[in-house]
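Take a look at the structure set out below.
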Amino acid sequence: MLPDGATRHVAPGTLPADVVRSIGERLLGAAVAVSVDGEIQDLMTPLRKGGAFRVLTERDPEALGVLRHSAAHVLATAVRRLRPDAKIGFGPAIDDGFYYDFEVASPFTPDDLAAFEAEMRKVVAEKYPFVREEVGPVEARKRFVDDPLKLERLDDFTDPNEIISTYTDGPFIDLCRGPHVPDTGRLKHFKLLNTAGAYWRGDEKRQMLQRIYGTAWFKKEELEQYLYRLEEAKKRDHRRLGRELDLFMFHPFSPGSAFWTERGTTVYNLLVEYCRERQRRDFAEIRTPLLYNKGLWELSGHWGKYKENMFLVLDNETGEHDISLKPMNCPSHYMLYLAKRHSYRELPMRYVTFDVLHRNELTGALSGLTRVRQFSQDDCHVFLREDQIADEVKFLMDFILGYYESFGLTATLKFATRPEQRIGEDAMWDRAEAGLRAALEATGREYALKPGDGAFYGPKIDFDVTDSLGRAWQLGTIQLDYAAPERFDLSYVGEDNAEHRPVVIHRAVSGSFERFIAILIEHFAGAFPTWLPPEQVRVLPISEEQAPVAEAIVERMVNAGIRASLDARSETLKYRIAEGARMKTPYMCVVGRREAEADQVAVNTRGAGEGQKPAPVSVDEFIRRVRAEIDTRALTLSAGATATL
RNA sequence: GCCACUGUAGCUCAGGGGUAGAGCACUCGAUUCGUAAUCGAGCGGUCGUCGGUUCAAAUCCGACCAGUGGCUCCA
């Protein structure tokens, strides 16, 4: 069945290429692959079933994955030519590109990368067809006798009747499911990007392979756009903007912990305040200690499962390292819950805290503000009855998504189930997963399934936001926990006057303020909405003559609760405008003779671009508008508008 | 923690066995300016740290520290 409704009847085993040829010879030249009932396959894999048949050309987004997968093979072909000793691992297509893993005696250098790319261009010029063959496991093993990694992969095929496919392009053969483009000549616009180490099969106990990353596109402009996008993303990088906007810094004396400048601290505190404000009504804020004896962690299970990540402190009296900085808040919240008897009437009970946490992250895992050793979460623990789970999850989800929305952020949802390393019995996990999933589905939102990705004490829903480089970061989370109430013997008194076991939900919204700020910096490219930046308004007198008037205007703004400052330096207006713009100040108010006489300011709005026509607004009116923007936490800047009100 | 790369002035970077460089920032002076960097002068670095090779090391080699990109882990 073709998209136009026509049908072709072919025998099973017919090659898609033949079907495409029957439609048109020209189409065959443009075809990259075909889609049969939504499944993508290449032109040289025999058809096994009929169905909706669609020819994929360079215009179809699904074809890109096929191209990139083939690009990985071309890369391997080139590497094998220049480094015949290289053993091949896996080489899939990924978002925006592809990679291939190799096991080699000595790692690749950047020079090698250039040589491989040049060799790839030769392989492309040679236009080797991708030839698919289907063999049994025994024959397959013969073909890869010299490739131990491929042999290990073949160990997974235990059925002797299994059909295994191989693809050959010129001198290179790979164990591969496909699909592929018809020949290596289809690959035109590509670039190798970098090398990296990667554990064989993602297992840190196995040997480290050398991975080469690359990108490939159908059109030259697409490749150029992609490379341009990478450059632009770097300009948004929160580490760079953090320095340029003078928000925070890092120092080798405390790797993984941020030093917040005066400006950065202002932003940080504003976010904490905002977060606190949104939770004032429905959550109870508490504070608990930072240091604990190991007894608490033994009770919670962290001592066994999480000790590697905890900073241990020497107890001078015992001479033992049996005190630790808390890496999580949960156990301390349970302590406070345990201090009283609770009625079913109190539930759900929500404890929230902003305490500082420390986690001893691996040095190689640290990254700017997104992965640090010291941070604060807006961490909440809800104690509730089992029958309240669905309502509570909905409440928390609405809260989290509403919070993101107020920043213009959107998150993707993940449902993560039991990991291998876990506490609690399977029956408990069955109940927890079913309960959380039901609550999640009741909200009707889309989500991705992440099997085995749950916390060691329970399944969770994660809220991910991506940074400017496309890396996903977990911000919010909702984690269901049946284990902790057991371990800590938590209880409440029910309607029946008997003791019952509550359920605990762990919840974070920002993930951590550190990570959240990183995401916000990149999301706004450093240009925060009016309520958030350290400096909201900068007032610039044109000459010394207006300096006293400008100073008085700043005073009025500050009294109105606006973070305004004066720039009356002996520099040209041009210079001061440029600097204010570089610091991404929302408004720059110029005061010249005309404005001074009329009690006005000429407002330059951030983002309006060079050569904008500054708007004269009365000082009182401008203050009123900025205040309104701050109070509503508006995401756009409009206080500079000239409209007469 | 593992693999690769990087580390030169506060920032961005050039230099690459033989006297340490630029622009910006900063300080001072001049300029008082109508919208995206005014001119001049000055200050500022034992070239990440420690060791080795060498007549001589910022430069070559090694270890360590930190950062970057990945892997593993993870808010």
Side-chain angles (χ1 to χ4, degrees), chain A residues 99 101 104 106-110 112-113 193-213 234 237 239-240 243-244 246 249-256 306 308-309 327-329 357 359-372 375-379 421 453 455 460 462-464 469 471 473-477 479 506 508-516 518-519 540-547 568-582 588 590-595 602-604 606 608-614:
Chain A
Y99 69 77
D101 286 343
V104 280
S106 61
F108 302 132
T109 65
D112 288 332
L113 214 59
L193 298 173
N194 50 358
T195 60
Y199 297 109
W200 169 230
R201 297 206 139 180
D203 184 346
E204 61 178 328
K205 291 180 194 71
R206 305 295 301 269
Q207 72 269 40
M208 180 151 281
L209 309 181
Q210 297 303 313
R211 176 171 298 178
I212 297 175
Y213 283 96
K234 279 187 197 158
D237 190 316
R239 291 165 296 197
R240 176 192 182 123
R243 189 169 46 239
E244 287 175 359
D246 189 26
M249 63 159 209
F250 287 91
H251 193 278
F253 280 159
S254 187
Y306 205 73
E308 298 296 301
N309 285 293
M328 296 181 188
N329 291 304
L357 302 177
R359 295 185 190 172
N360 197 355
E361 301 290 351
L362 296 174
T363 51
L366 300 176
S367 178
L369 286 178
T370 46
R371 196 72 186 276
V372 287
F375 58 98
S376 297
Q377 295 180 312
D378 46 2
D379 200 5
Q421 282 269 311
D453 213 25
K460 59 180 184 169
D462 284 337
F463 298 75
D464 283 0
L469 297 171
R471 295 176 294 201
W473 293 100
Q474 185 188 321
L475 259 43
T477 185
Q479 309 178 349
H506 306 249
V509 184
S510 306
S512 71
F513 285 102
E514 283 73 6
R515 182 174 288 179
F516 194 63
I519 295 288
L540 316 175
I542 285 182
S543 73
E544 265 173 20
E545 197 187 323
Q546 292 88 35
R569 286 176 300 171
S570 144
E571 298 287 353
T572 59
L573 184 64
K574 268 184 199 299
Y575 176 92
R576 289 175 290 154
I577 291 275
E579 201 204 63
R582 208 182 60 228
M588 279 181 287
V590 173
V591 182
R593 186 169 295 159
R594 287 200 298 277
E595 289 77 14
V603 182
N604 292 260
R606 181 191 63 206
E610 289 181 33
Q612 65 173 299
K613 203 150 178 62

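- For the pair A:Leu193 CG and B:rU68 C1', the computed distance is 15 Å after rounding to whole Å.
- Between A:Arg582 and A:Ser510, the residue whose closest nucleotide on RNA chain B is further toward the 5' end is A:Arg582.
- A:Ile542 has its side chain within reach of A:Val590: a pair of non-hydrogen atoms, C-beta onward, lies under 4.5 Å apart.
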side-chain hydrogen bond (donor to acceptor under 3.5 Å, both in side chains) between A:Asn360 and A:Asn309, intermediate numbers included: CA-CA 5 Å; A:Asn360 197 355; A:Asn309 285 293; over 6 Å; no
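- Between A:Ile212 and A:Tyr99, the closest side-chain pair of non-hydrogen atoms is not below 4.5 Å.
- Residues A:Pro614 and A:Asn604 form a side-chain contact, since some pair of their non-hydrogen atoms from C-beta on lies under 4.5 Å apart.
- Listed pair A:Arg239 / B:rG67 fails the phosphate criterion, with no side-chain N or O lying under 4.0 Å from OP1 or OP2.
- Across the C1' atoms, B:rG17 and B:rC47 are found 14 Å apart, a figure rounded to whole Å.
- With both ends at atom P, the span from B:rU27 to B:rC43 equals 15 Å, rounded to whole Å.
- Looking at heavy-atom distances under 4.0 Å, A:Glu610 makes contact with a base.
- In a base pair of the Watson-Crick type (N1 to N3 plus N6-O4 or O6-N4) or a G-U wobble (N1-O2 and O6-N3), with each distance short of 3.5 Å, B:rA58 is matched with no nucleotide.
- Within the shown strands, nothing qualifies as a pairing partner of B:rA36 under the Watson-Crick or G-U definition with both distances less than 3.5 Å.
- A:Tyr213 comes within 4.0 angstrom of the backbone, heavy atoms only, and of no base.
- Judged by Watson-Crick or G-U wobble contacts below 3.5 Å, the nucleotide B:rU19 has no partner.
- Between A:Arg594 and A:Glu514, the residue anchored nearer the 5' end of RNA chain B, judged by the nucleotide with its closest heavy atom, is A:Arg594.
- Distance from the side chain of A:Arg211 is smallest to B:rC71 among B:rC71, B:rG34, B:rC73.
- Under a 4.0 Å N-O distance rule, the pair A:Glu244/A:Arg582 does not qualify as a salt bridge.
- For A:Phe250 and B:rG67, the ring-to-base geometry does not satisfy the stacking test (centroid distance below 5.5 Å, interplanar angle below 30°).
- One atom, CG of A:Leu113, and another, P of B:rG69, lie 17 Å apart when rounded to the nearest Å.
- The existence of a salt bridge linking A:Glu579 and A:Arg569 is confirmed by a sub-4.0 Å separation between a basic side-chain nitrogen and an acidic carboxylate oxygen.
- Across all strands shown, B:rC74 has no partner, as no Watson-Crick or G-U wobble contact with both distances under 3.5 Å is found.
- Contact annotation for A:Asn194: backbone-only contact, meaning every heavy-atom pair under 4.0 Å involves sugar-phosphate atoms and none involves a base.
- The residue A:Ala581 sits close to a base: some heavy atom pair falls under 4.0 Å.
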Contact list (N/O, under 3.5 angstrom) for nucleotides 38-44 of chain B vs protein:
{"from": "B:rU38", "atom 1": "OP1", "to": "A:Thr572", "atom 2": "OG1", "distance (Å)": "3.2"}
{"from": "B:rU38", "atom 1": "O4", "to": "A:Glu571", "atom 2": "OE1", "distance (Å)": "3.1"}

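- Residue A:Arg569 contributes atom CZ, which lies 14 Å from atom P of B:rA37 at whole-angstrom precision.
- Which of B:rG67, B:rG34, B:rC73 sits closest to the side chain of A:Leu366 comes down to B:rG67.
- Among the atoms of the strands shown, none is found under 4.0 Å from any heavy atom of A:Gln546.
- By the 6.0 Å contact criterion, CZ on A:Arg206 is enclosed, its count of non-hydrogen atoms from other residues, nucleotides or ligands being greater than 12.
- Residues A:Phe513 and A:Gln377 form no side-chain contact, since every pair of their non-hydrogen atoms from C-beta on lies 4.5 Å or further apart.
- Side-chain atoms of A:Leu573 lie closest to B:rG34 of the nucleotides B:rG34, B:rA36, B:rC73.
- Within the 4.0 angstrom heavy-atom criterion, only backbone atoms of the sugar-phosphate kind lie near A:Gln474; the bases stay farther away.
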Output one letter per nucleotide in nucleotides 1-16 of chain B: B when a protein non-hydrogen atom lies under 4.0 Å from the base, S when only the sugar-phosphate is that close, - when neither is. BBBS------SS----
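- Pair assignment for B:rA41 gives B:rU27, based on Watson-Crick or G-U wobble hydrogen-bonding distances that are each under 3.5 Å.
- Nucleotides B:rC64 and B:rU6 are separated by 16 Å at their C1' atoms, to the nearest Å.
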Residue pair A:Arg201, A:Tyr199: steps toward the side-chain hydrogen bond (donor to acceptor under 3.5 Å, both in side chains) verdict: CA-CA 6 Å; A:Arg201 297 206 139 180; A:Tyr199 297 109; over 6 Å; no
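- Within 4.0 Å (heavy atoms only), A:Gly202 reaches sugar-phosphate atoms of the nucleic acid but no base atom.
- The nearest whole Å value for the distance from the CG atom in A:Asn360 to the C1' atom in B:rA75 is 15 Å.
- Look at B:rU68: its Watson-Crick or wobble partner, with both distances under 3.5 angstrom, is B:rA4.
- With hydrogens and angles ignored, a donor-acceptor pair closer than 3.5 Å exists between the side chain of A:Glu361 and the base of B:rA75.
- Within the 4.5 Å cutoff, no side-chain heavy atoms of A:Val509 are placed close to those of A:Leu475.
- A side-chain donor from one of A:Gln474 and A:Asp462 sits under 3.5 Å from a side-chain acceptor of the other.
- At a threshold of 4.5 Å between non-hydrogen side-chain atoms, the residues A:Arg239 and A:Phe250 do not count as touching.
- Put simply, CG on A:Asp453 is 13 Å from C1' on B:rU72, counting in whole angstrom units.
- Atom CD in A:Glu544 sits about 6 Å away from atom C1' in B:rU32, given to the nearest Å.
- Taking atom CG of A:Asp462 as the reference point, atom C1' of B:rC74 lies 10 Å away to the nearest angstrom.
- Across the protein-nucleic acid pair, A:Glu579 atom CD and B:rC24 atom C1' stand 11 Å apart, rounded to whole Å.
- Within 4.0 Å of A:Leu357, counting heavy atoms only, lies no atom of the nucleic acid at all.
- Under the Watson-Crick or G-U wobble criterion, with both distances below 3.5 Å, B:rU49 is paired with B:rA63.
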